[in-house]
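What follows is a short report on a single structure.
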Amino acid sequence: MAFKLKVSAPFICMMILVLATGSNGGGISIYWGQNGNEGTLADTCATGNYEYVNIAFLATFGNGQTPMINLAGHCDPYSNGCTGLSSDIKSCQAKGVKVILSIGGGAGSYSLASSDDARQVATYLWNNFLGGTSSSRPLGPAILDGIDFDIEGGTGEYWDDLAKYLSGYSKKGKKVYLTAAPQCPFPDAWIGNALKTGLFDYVWVQFYNNPPCQYSSADIANLEDAWKQWTSDIPATNIFLGLPAAPDAAGSGFIPVNDLTSKVLPAIKNSSKYGGVMLWSKYYDGQSGYSSSIKSHV
């Protein structure tokens, strides 16, 4: 005997809503630029694994220094050798990947001497990498999607001013995305104040090289407690879990794929601010295949 089940439209709508909100899928952000053997930027985006690519790094700027990009073995900025990356950047953007310039890094020479210095750096970034114009754009004419603050040295002063000045350029047309890569101990020693501005779209917190707040095989509590503090206290659109893409990509903090997918992600994905996973870096991800292994779970 056959019978028809009559399902009301509101019930169907409710089921769709539950499915949509229950999945809370995220994206993967990757750092590219610090190893000449990691493949091209275009190839990185062509993998389809990444929603965000951070070009690392503009390592010298501020305090009267001539800004200089450092892309390791990829190209020589001193001879304008990195301008060819424009076609790669446009290729990435055509695939829907946001391409962001990361400023700072673990070994750079950078600091901001004053609010006016922050304004000058913002103007430089706008004219040379974003929607402005300059006769000497290091990466050529392509317009990047935003600026990533990977500040791991110098002082904690005036980064909030830099964020405000950069954010102001969004009023000129194309939105300037602001992202940041703070360390997981809260608040971050360098950009803690800047993050309070609420101007940052994506914050990929480094849950590695920081034992007090990173994952260990015996204990997820430290990471989970830090995650809750970051997601509750930082007014950003999305918070990402920043991880090494292989055991040798960092001193500590690597999470095996099975642990990440069965323990860690289920514990943090219920946050409304969950944005996904950030990986350091493309070179190590290419060696390990980590992003391919976790993509369907992120």
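The figures here come from the full heavy-atom set of this structure, side chains too, leaving out hydrogens, waters and symmetry mates. All figures in this text were calculated on a predicted structure; none of them were measured in a lab.
Using a 4.5 Å heavy-atom threshold, the side chains of M278 and Y202 count as separate. In this structure, the side chains of S252 and Q214 come closer than 4.5 Å at one or more pairs of heavy atoms. For the pair L58/F129, a side-chain contact is recorded, criterion being any heavy-atom separation below 4.5 Å from C-beta on. Under the 4.5 Å side-chain criterion, counting only non-hydrogen atoms from C-beta, Y169 is in contact with T123.
The side chain to side chain contact (heavy atoms under 4.5 Å, CB included) test applied to S262 returns N258, not counting sequence neighbours. Checked against salt bridge (charged side-chain N to carboxylate O under 4.0 Å, His left out), D145 has the following partners two or more places apart in sequence or in another chain: K174. For the side chain to side chain contact (heavy atoms under 4.5 Å, CB included) test, residues two or more places apart in sequence or in another chain that qualify with E51 are I28, K295. Taking A113 as the reference, N63, D117 meet the side chain to side chain contact (heavy atoms under 4.5 Å, CB included) condition, with sequence neighbours excluded.
Within the structure, salt bridge (Lys or Arg N to Asp or Glu O under 4.0 Å) pairs that include any residue of residues 221-247 do not occur (at least two apart or interchain).
Side chains of D148 and S102: a donor-acceptor N/O pair is present below 3.5 angstrom, by distance only. In this structure, a donor-acceptor pair under 3.5 Å is absent between the side chains of T197 and D160. If you check the side chains of Q183 and D188, you find no donor sitting under 3.5 Å from an acceptor. Looking only at atom types and distance, the side chain of S86 has no donor-acceptor partner in the side chain of K90 under 3.5 Å away. For the residue pair S134 / N128, a side-chain donor-acceptor distance below 3.5 Å is found, with atom types taken as modelled. Side-chain atoms of S281 and E38 form no donor-acceptor pair, as typed in the model, at a separation below 3.5 Å. For the residue pair S292 and N49, a side-chain donor N or O sits within less than 3.5 Å of a side-chain acceptor on the partner. Of the N and O atoms on the side chains of D219 and S216, not one donor lies less than 3.5 Å from an acceptor on the other residue.
Considering NZ of K175 and OG of S170, their distance stands at 5.0 Å, rounded to 0.5 Å. The CD atom of E157 sits 9.5 Å away from the CG atom of N193 when rounded to the nearest 0.5 Å. Annotation: the span from S291 atom OG to Y50 atom OH amounts to 3.5 Å, rounded to 0.5 Å. The distance from atom CD of Q120 to atom OH of Y165, rounded to the nearest 0.5 Å, is 10.0 Å. Distance check, rounded to the nearest 0.5 Å: OG1 of T60 to CG of N70 gives 7.5 Å. Expressed to the nearest 0.5 Å, how far CD1 of I234 lies from CD1 of I239 amounts to 6.5 Å.
None of Y290, Y215, Y208 except one satisfies the ring-ring contact (aromatic ring centres under 6.0 Å, His included) rule with F254; the exception is Y290. No option in Y274, W230, F240 other than F240 meets the ring-ring contact (aromatic ring centres under 6.0 Å, His included) test with W204.
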Q: Could you walk me through whether I103 and I147 pass side-chain contact (heavy atoms from CB on, under 4.5 Å), step by step?
A: CA-CA 7 Å; I103 64 172; I147 302 295; 4.0 Å; yes
task = Apply the test side-chain contact (heavy atoms from CB on, under 4.5 Å) to residues L265 and I268: give CA-CA distance (whole Å), side-chain angles for both, the deciding distance (0.1 Å), then the verdict.
result = CA-CA 5 Å; L265 289 179; I268 68 172; 4.2 Å; yes
Does D150 form a side-chain contact (heavy atoms from CB on, under 4.5 Å) with N54? I'd like the steps, not just the answer.
CA-CA 10 Å; D150 184 14; N54 302 286; over 6 Å; no
Point to revise | Stepwise side-chain contact (heavy atoms from CB on, under 4.5 Å) check, F57 with Q34 | key: CA-CA 8 Å; F57 294 103; Q34 284 301 293; 3.8 Å; yes
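Cluster note: M68 groups with Y78 through ILVMFWY side-chain heavy atoms spaced under 4.5 Å, whether in direct contact or through intervening members.
When every heavy atom of V298 is checked against every heavy atom of G276, the shortest pair comes out as CG1-CA, 3.8 Å. C92 approaches V99 most closely through the heavy-atom pair CB-CG2, 3.6 Å. Between A236 and V203, the shortest heavy-atom contact is CB-CG2, 3.7 Å.
Geometrically, K282 does not engage Y31 in a cation-pi contact, judged by NZ or CZ lying under 6.0 Å from the ring centre and within 45° of the ring axis.
I294 and I220 fall within a single hydrophobic cluster, where Ile, Leu, Val, Met, Phe, Trp and Tyr side chains are chained together by heavy-atom contacts under 4.5 Å. Tracing side-chain contacts under 4.5 Å through hydrophobic residues (I, L, V, M, F, W, Y), one never reaches Y283 starting from V277; they form parts of separate clusters. Under the 4.5 Å side-chain heavy-atom criterion for grouping Ile, Leu, Val, Met, Phe, Trp and Tyr, Y284 is not connected to L41 through any hydrophobic cluster. Cluster membership for L162 and I55, using ILVMFWY side-chain heavy atoms within less than 4.5 angstrom, is shared. Hydrophobic clustering (ILVMFWY, side-chain heavy atoms < 4.5 Å, transitive): L199 and L125 are in one cluster.
Side-chain atoms of E152 do not come within 3.5 Å of backbone N or O of G104 as any donor-acceptor pair. Judged purely by atom type and a 3.5 angstrom limit, S296 has no side-chain atom pairing as donor or acceptor with the backbone of S293. The backbone N or O of A245 sits nowhere less than 3.5 Å from a side-chain atom of D285 that would complete a donor-acceptor pair.
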